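All remarks here apply to the structure that follows.
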Amino acid sequence: MNIQSRVTSRSRPRIELLPMIDVTLFLLIFFMLFTTFKTNETGLQVDLPRAATGTQAPTNLTVTITKSGAIYLEDRLVTLANLRGEAEQVAAQNPDATVTIRGDSESYWEHAVGVMDTARQAGLSRFAFGTQPTAP
């Protein structure tokens, strides 16, 4: 009688490196691309007027006026009454606070004047206008 012993040889699991390298490289490129996109500082798309002499100014309150005349305080849609309440809170903490108005180049001045008037009623009197550099 011939007894054959079964020798089971288990092979060690093999980790495929090429697919893992492909996935890692893809993730690396993905994060490099999507973290370097230039984003708008408030997330709202407005076409700012162009100015050759624009400078960076300190800001405490940023108001954005869209082409349609909608008023945003930071990223929130507000009315002039809401804006006045927020401006009063900022004025109570810092009376010399600067209000930066980022108005679309095609928006009406009436909206910017309304924002300035509301901020003045709240006690703020320093203003700056957001611009973008002129094309060379």
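Here the structure is a predicted model, which means the values were calculated and not measured.
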Stepwise side-chain contact (heavy atoms from CB on, under 4.5 Å) check, T64 with I71: CA-CA 6 Å; T64 304; I71 299 171; over 6 Å; no
Residue pair E74, R76: steps toward the salt bridge (charged side-chain N to carboxylate O under 4.0 Å, His left out) verdict: CA-CA 6 Å; E74 308 305 333; R76 297 175 291 131; over 6 Å; no
Criterion side-chain contact (heavy atoms from CB on, under 4.5 Å) on V115 and L80, from CA distance to verdict: CA-CA 7 Å; V115 168; L80 288 177; 4.3 Å; yes
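When the shell of 6.0 Å around CD of E110 is examined, it contains 12 or fewer heavy atoms from other residues, nucleotides or ligands. Within 6.0 Å of CD1 on I21 lie more than 12 heavy atoms contributed by other residues, nucleotides or ligands.
Closest non-hydrogen pair, Y72 versus V78, comes out as C-CG2, 4.4 Å. The heavy-atom pair separating L124 from P95 by the smallest distance is CD2-O, 4.2 Å. For the pair A97 and R126, the tightest heavy-atom approach, listed with the atom from each and the gap, is O-CB, 3.6 Å. The minimum heavy-atom distance linking F127 with M116 is given by the pair CZ-O, 3.5 Å. In plain terms, the two heavy atoms of T100 and G130 that are nearest each other are CG2-N, 4.2 Å. Of all heavy-atom pairs between R102 and T62, the closest is CD-CG2, 3.6 Å.
In this structure, the separation between OG on S125 and CZ on R120 is 6.0 Å, given to the nearest 0.5 Å. Rounding to the nearest 0.5 angstrom, the gap separating the CG atom in L27 from the CE atom in M32 is 12.5 Å. Here N94 contributes atom CG and Q89 contributes atom CD; the two are 14.0 Å apart, rounded to the nearest 0.5 Å. Between the CD atom in E106 and the CD1 atom in I65 there is a gap of 14.0 Å [rounded to 0.5 Å]. Once rounded to the nearest 0.5 Å, the distance linking OG of S68 with NE2 of H111 reads 7.5 Å.
For the pair T24 (side chain) and M20 (backbone), a donor-acceptor distance under 3.5 Å is present.
Residues W109 and V99 share a hydrophobic cluster, clusters being chains of Ile/Leu/Val/Met/Phe/Trp/Tyr side chains in contact below 4.5 Å. Linking ILVMFWY residues whenever their side-chain heavy atoms come closer than 4.5 Å, directly or via other members, leaves L18 and L25 in distinct clusters. Hydrophobic clustering places L33 together with V23 (ILVMFWY residues linked when any side-chain heavy atoms are closer than 4.5 Å, directly or through intermediates).
Using a 4.5 Å heavy-atom threshold, the side chains of N82 and L73 count as separate.
Ion pairing between a basic and an acidic side chain is recognised when a charged N comes within 4.0 Å of a carboxylate O; R84 and E86 show no such pairing.
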